[in-house]
K.L.:
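First the structure, then my questions, so here it is.
Side-chain atoms are counted along with the backbone in the values below, which use heavy atoms only and exclude waters and symmetry mates. In this text, all values refer to a predicted model and were calculated from it rather than measured experimentally.
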Amino acid sequence: MTVHQDRMEYELVFSPIFIMKVSHLLRSIQYAVLTAVGWVLTPIIRLIFSLVYQSSSKCVTPIEDPLCLLPATELARKIRTREVTSEAVVRAYIERARLVNRDCNFIVADRFQEALQEARNVDTILDGHIIAEKFSEQNAPFLGVPTSIKEAFALKGMPQTSGLVMMRDYRASEDAPVVGRLRQAGLIPTMVTNVSELCMWYESANRLNGRSCNPYNTARIVGGSSGGEGCAIASGAAVVGVGSDIGGSIRMPSFFNGIFGHKPSNGLVPSGGQFPLPTGRDMELLTTGPMCRYATDLLPLLKVMSGPEAKLAKLDQKVDVMKIRFFTMFDDGGSLLVSHVEPEIQKSQRKVVQYLRDTVGVHVEELKLTKFQYAFEMWAAKMALSGGTDFATYMSNYNGRVNCYLELLKWLVGRSNHTLPAIGLGMGQGLADLTPGTNKKNVQILNKLDQELREVLGEDGVLLYPTHPKVAPYHNEPIFYPFNFAYTGLFNALAYPVTQCPLGLSSEGLPVGFQIVTTPNNDRLSIAVAVFLERVFGGWVPPGTRP
């Protein structure tokens, strides 16, 4: 064999195309093996958790008071026209909250008496002959309507612990900016609701305030970190609420509880006044937004929350849904780390796509964007390179760093004040920081995906995409699927606005739905599609309704 032939064979074997093909083949083999393992293990895991939790499961009692079955905008209209008093509305929600909290444990602390007094004050104002300008419909569009608040946000006089045991005695001295805007709009906070420890896990459970339970099946999770909000709203204990989202913390709880939730464009709603508040470029992934049972409340709430920044997203601009271009993806294309999308979730999405094509007559293009399968890696890389505070420092409330390996040993013998997911995150974050080269490469992939998506969606397109691959899992089951939040986390890394839209119930009576994704500052498009789909498919389904 000649030197020339040797060189040709060497170049063939080590050429970029050959290496890429081998890499693709190996990944396909890995995916096939993991899929086969998943087919075997997933039913076993589900069976074990069902045996542990299902015997004690229940659905909350049906909502009986008609006041708890109206959108916030409709309640505000009835209060202002004096068809009903604010006190009657607030009292109805308080009674409902007391009833369902016994089964669901979403309330961290309440301010029921203060809320009733504030409602009486609203009634006195509206019964007067002259109403001050600050209480006008324009300045206080939700005057007299109750709301819940995620406990991570500062609400003056209320706990703000985010489930951290060492913060048990802390009380907020002032309102967070977004809470102040809600109050200024006339909303009356009734309670603060539960979260995952330090708001970084997708089940709302912590060592300080316990575990919240899904109103459709108390054996299932409510999601996190805004899980208490999702549960309160879905169960009829609140009509609207506020959440924050760094990896899906608005959208996952909204999905698991069958309500609407919107992750706004960056910079639209102030995220200050939260604990913990991300530092460095972590803030680029965090947004604050509305959660509600009725899609018609999304836009008015977002306008209130965004204040003067509303003009950045042209929230007052009317949207013609028929002029929107629709795209869809039914899964991430085959991530090695994330579960397959369950058939009933895909079925609900396909039903919408078919309706849009056959009944509405719009073209829906199915996309195949292979970079989506690296969603978790891209989100993790963006977080690792952000230069923000590490999670072990948050766990100590900024007093040094918690030794997460020691905490794991303490947890094993029941002596830790931290949850296993928090301990695991503290350990795992350190490992992610050891691979800066890989992280930079994943961020480059993310930037290329951003380019591709902007070219596809433009200024008038939306993407229909699963919110999560599984309906609400059993308690603690997410520990076996820690990366499933990648379906939502991707769009935090991309900084795209997204609306979670419920689409009824599964055969098990658990909510299903999907995300409506659009490009930055086009929030009005995804919200308009959610309002349209609510009219067609019904939106939120009250707990206790047969699927």
K.L.:
Which heavy atom of Leu525 sits nearest to which heavy atom of Glu459, and what is that distance?
P.N.:
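Here Leu525 and Glu459 meet closest at CD1-O, 3.5 Å.
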K.L.:
Report yes if some heavy atom in the side chain of Val89 is under 4.5 Å from a heavy atom in the side chain of Lys78; otherwise report no.
P.N.:
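Side chain of Val89 against side chain of Lys78, heavy atoms only: no contact under 4.5 Å found.
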K.L.:
Atom CZ of Arg96 and atom CG of Leu69: how far apart are they, to the nearest 0.5 Å?
P.N.:
8.5 Å
K.L.:
Quick check: do Leu298 and Val531 have side-chain heavy atoms less than 4.5 Å from each other?
P.N.:
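Sidechains of Val531 and Leu298: no contact.
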K.L.:
Decide yes or no on side chain to side chain contact (heavy atoms under 4.5 Å, CB included) for Met305 and Leu182, but give the supporting numbers first.
P.N.:
CA-CA 7 Å; Met305 290 180 174; Leu182 292 174; 4.1 Å; yes
K.L.:
Do Asn484 and Ser339 pass the side-chain hydrogen bond (donor to acceptor under 3.5 Å, both in side chains) test, and can you show the C-alpha distance, the side-chain angles, and the key distance before you say yes or no?
P.N.:
CA-CA 6 Å; Asn484 279 356; Ser339 300; 3.1 Å; yes
K.L.:
Report yes or no: does Asp297 contribute a side-chain atom to a donor-acceptor pair with the main-chain N or O of Cys292 at less than 3.5 Å?
P.N.:
no
K.L.:
Using the side chain to side chain contact (heavy atoms under 4.5 Å, CB included) rule, take Val145 and Ile79 through it: C-alpha gap first, then chi angles, then the decisive distance, then the call.
P.N.:
CA-CA 8 Å; Val145 176; Ile79 291 169; 4.2 Å; yes
K.L.:
Return the minimal non-hydrogen interatomic distance between Thr296 and Pro71, and the atom names on each side.
P.N.:
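Residues Thr296 and Pro71, closest heavy atoms: OG1-CB, 4.1 Å.
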K.L.:
Report yes or no: does Gln274 contribute a side-chain atom to a donor-acceptor pair with the main-chain N or O of Phe153 at less than 3.5 Å?
P.N.:
no
K.L.:
Measure centre to centre between the rings of Phe483 and Phe376, then say whether the value is under 6.0 Å.
P.N.:
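Ring-ring flag for Phe483/Phe376: true, centres closer than 6.0 Å.
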K.L.:
Between Lys263 and Phe491, is NZ or CZ placed under 6.0 angstrom from the six-membered ring centre and within 45° of the ring axis?
P.N.:
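No, Lys263 and Phe491 do not form such a contact.
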K.L.:
Does Gln117 CD have over 12 foreign heavy atoms under 6.0 Å away?
P.N.:
yes
K.L.:
Measure the acute angle between the ring planes of Tyr294 and Trp540, then classify it against the limits of 30° and 60° as parallel, tilted or perpendicular.
P.N.:
perpendicular
K.L.:
Does atom CD (Gln138) have a neighbourhood of more than 12 heavy atoms from anything else shown, all under 6.0 Å?
P.N.:
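Counting neighbours around CD of Gln138, 12 or fewer heavy atoms of other residues, nucleotides or ligands fall under 6.0 Å, so no.
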K.L.:
Can you name the one residue among Tyr202, Phe485, Tyr481 that meets ring-ring contact (aromatic ring centres under 6.0 Å, His included) with His468?
P.N.:
Tyr202
K.L.:
Between Arg77 and Glu74, is a salt bridge (Lys or Arg N to Asp or Glu O under 4.0 Å) present by the stated rule, with each step listed?
P.N.:
CA-CA 5 Å; Arg77 186 193 66 78; Glu74 180 64 11; 2.8 Å; yes
K.L.:
Within a strict 4.5 Å, meaning less than it, do heavy atoms of the Met191 and Val108 side chains meet?
P.N.:
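Sidechains of Val108 and Met191: no contact.
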K.L.:
Checking Ser271 against Thr288: is there a side-chain donor and acceptor pair closer than 3.5 Å?
P.N.:
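Thr288 vs Ser271: donor-acceptor pair found between side chains.
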K.L.:
May I ask you to check whether Asn105 and Asn209 show a side-chain donor-acceptor distance below 3.5 Å?
P.N.:
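Looking only at side-chain atoms, Asn209 and Asn105 do not form any donor-acceptor pair under 3.5 Å.
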K.L.:
Quick one about Gln500 and Thr467 (side-chain donor to acceptor, distance below 3.5 Å, no hydrogens or angles considered), yes or no?
P.N.:
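Thr467 vs Gln500: donor-acceptor pair found between side chains.
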K.L.:
Near Glu114 CD, under 6.0 Å, is it more than 12 heavy atoms from other residues, nucleotides or ligands?
P.N.:
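Counting neighbours around CD of Glu114, more than 12 heavy atoms of other residues, nucleotides or ligands fall under 6.0 Å, so yes.
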K.L.:
Would you say Asn257's side chain and Val222's backbone share a donor-acceptor pair under 3.5 angstrom?
P.N.:
yes
K.L.:
Determine whether a donor-acceptor pair (N or O, by modelled atom type, separation under 3.5 Å) exists between the side chain of Glu229 and the backbone of Gly243.
P.N.:
no
K.L.:
Does NZ or CZ of Arg220 come closer than 6.0 Å to the centre of the six-membered ring of Phe256, within 45° of the ring's axis?
P.N.:
no
K.L.:
Taking NZ, NE, NH1 and NH2 as the nitrogens, is one of them in Arg46 or Glu477 under 4.0 Å from a carboxylate oxygen of the other?
P.N.:
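Salt bridge: yes.
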K.L.:
So Arg98 and Ile94, side chain to side chain contact (heavy atoms under 4.5 Å, CB included) or not? Walk me through it.
P.N.:
CA-CA 6 Å; Arg98 283 176 170 152; Ile94 288 173; 3.8 Å; yes
K.L.:
Answer whether the closest heavy-atom distance between the side chains of Thr147 and Val242 falls below 4.5 Å.
P.N.:
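Thr147 vs Val242: side chains apart.
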K.L.:
Which of parallel (below 30°), tilted (30 to 60°) and perpendicular (above 60°) describes Tyr474 and Tyr53?
P.N.:
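The rings of Tyr474 and Tyr53 lie parallel, inter-plane angle below 30°.
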K.L.:
What heavy-atom pair brings Ala154 and Gln160 nearest, and what distance separates the two atoms?
P.N.:
N-NE2, 3.3 Å
K.L.:
Output the distance between atom CG (Leu99) and atom OG (Ser235), rounded to the nearest 0.5 Å.
P.N.:
9.0 Å
K.L.:
If every non-hydrogen atom of Gly539 is compared with every non-hydrogen atom of Pro502, which pair is closest and at what distance?
P.N.:
C-CG, 3.9 Å
K.L.:
Any donor and acceptor pair, going by atom type alone, linking the side chain of Thr190 with main-chain N or O of Phe112 inside 3.5 Å?
P.N.:
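Side chain of Thr190 to backbone of Phe112: no pair is present.
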K.L.:
May I ask you to test the Lys323-Asp460 pair for a side-chain heavy-atom distance under 4.5 Å?
P.N.:
no
K.L.:
Hey, is the main chain of Ser86 close enough, under 3.5 Å, to the side chain of Asp123 for a donor-acceptor pair?
P.N.:
yes
K.L.:
Using a 4.5 Å cut-off on heavy atoms from C-beta on, say whether the side chain of Val536 contacts that of Val360.
P.N.:
no
K.L.:
Step by step, would you call Glu508 with Ser506 a side-chain hydrogen bond (donor to acceptor under 3.5 Å, both in side chains)?
P.N.:
CA-CA 5 Å; Glu508 296 178 279; Ser506 71; 4.6 Å; no
K.L.:
So, taking the atom named SG in Cys501 and the one named CD1 in Ile527, what distance separates them when rounded to the nearest 0.5 Å?
P.N.:
11.5 Å
K.L.:
Would you say Gln346's side chain and Phe330's backbone share a donor-acceptor pair under 3.5 angstrom?
P.N.:
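Side chain of Gln346 to backbone of Phe330, a donor-acceptor pair under 3.5 Å: yes, one is there.
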K.L.:
Does a salt bridge link Arg211 with Glu203, judged by any charged N lying under 4.0 Å from a carboxylate O?
P.N.:
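The answer is yes: the pair qualifies as a salt bridge.
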K.L.:
Is the CD atom of Glu309 crowded by more than 12 outside heavy atoms at less than 6.0 Å?
P.N.:
yes
K.L.:
Quick check against the 3.5 Å criterion: does Asn206 have a side-chain atom that pairs as donor or acceptor with the backbone of Glu197?
P.N.:
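Such a contact is absent between Asn206 side chain and Glu197 backbone.
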K.L.:
Whether Lys314 and Asp523 form a salt bridge (side-chain N of Lys/Arg under 4.0 Å from carboxylate O of Asp/Glu) is what I want to check.
P.N.:
no
K.L.:
Strictly distance-based, threshold 3.5 Å: is any side-chain N or O of Arg181 a donor or acceptor partner for the main-chain N or O of Val304?
P.N.:
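Not confirmed, Arg181 side chain does not pair with Val304 backbone.
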K.L.:
Taking all non-hydrogen atoms of both residues, which atom of Asn522 and which atom of Gly458 are closest, and how far apart?
P.N.:
ND2-O, 4.1 Å
K.L.:
Grab the two heavy atoms, one from Asn214 and one from Ile221, that are nearest each other, plus how far apart they are.
P.N.:
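That would be ND2-O, 2.9 Å.
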K.L.:
Inspect the contact between Asp245 and Arg251 and indicate whether a charged nitrogen and a carboxylate oxygen are less than 4.0 angstrom apart.
P.N.:
yes
K.L.:
May I ask you to say whether Lys58 pairs ionically with Asp103, meaning some side-chain N is under 4.0 Å from a carboxylate O?
P.N.:
yes
K.L.:
Please evaluate residues Phe142 and Val240 with respect to the criterion side chain to side chain contact (heavy atoms under 4.5 Å, CB included), reporting the C-alpha separation (whole Å), side-chain torsions for both, the decisive distance (0.1 Å), and the verdict.
P.N.:
CA-CA 11 Å; Phe142 291 100; Val240 295; 5.6 Å; no
K.L.:
Could you measure the distance from the CZ atom of Phe537 to the CG atom of Leu503? Nearest 0.5 Å is fine.
P.N.:
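Phe537 atom CZ to Leu503 atom CG measures 7.0 Å (nearest 0.5 Å).
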K.L.:
Rounded to the nearest 0.5 Å, how far apart are CG of Asp331 and CD1 of Ile345?
P.N.:
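Going from CG on Asp331 over to CD1 on Ile345, the span is 11.5 Å.
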K.L.:
How about CD on Gln54, more than 12 heavy atoms from neighbouring residues, nucleotides or ligands closer than 6.0 Å, or not?
P.N.:
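Atom CD in Gln54 is packed in, count exceeds 12.
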K.L.:
Working to the nearest 0.5 Å, report the span between OH of Tyr496 and OG1 of Thr287.
P.N.:
15.0 Å
K.L.:
Closer than 3.5 angstrom, by distance alone: can the side chain of Ser226 be matched with the main-chain N or O of Ser249 as a donor-acceptor pair?
P.N.:
yes
K.L.:
Heavy-atom distance under 4.5 Å between the side chains of Val517 and Val462, does that happen here?
P.N.:
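Heavy-atom side-chain distance check fails, nothing below 4.5 Å.
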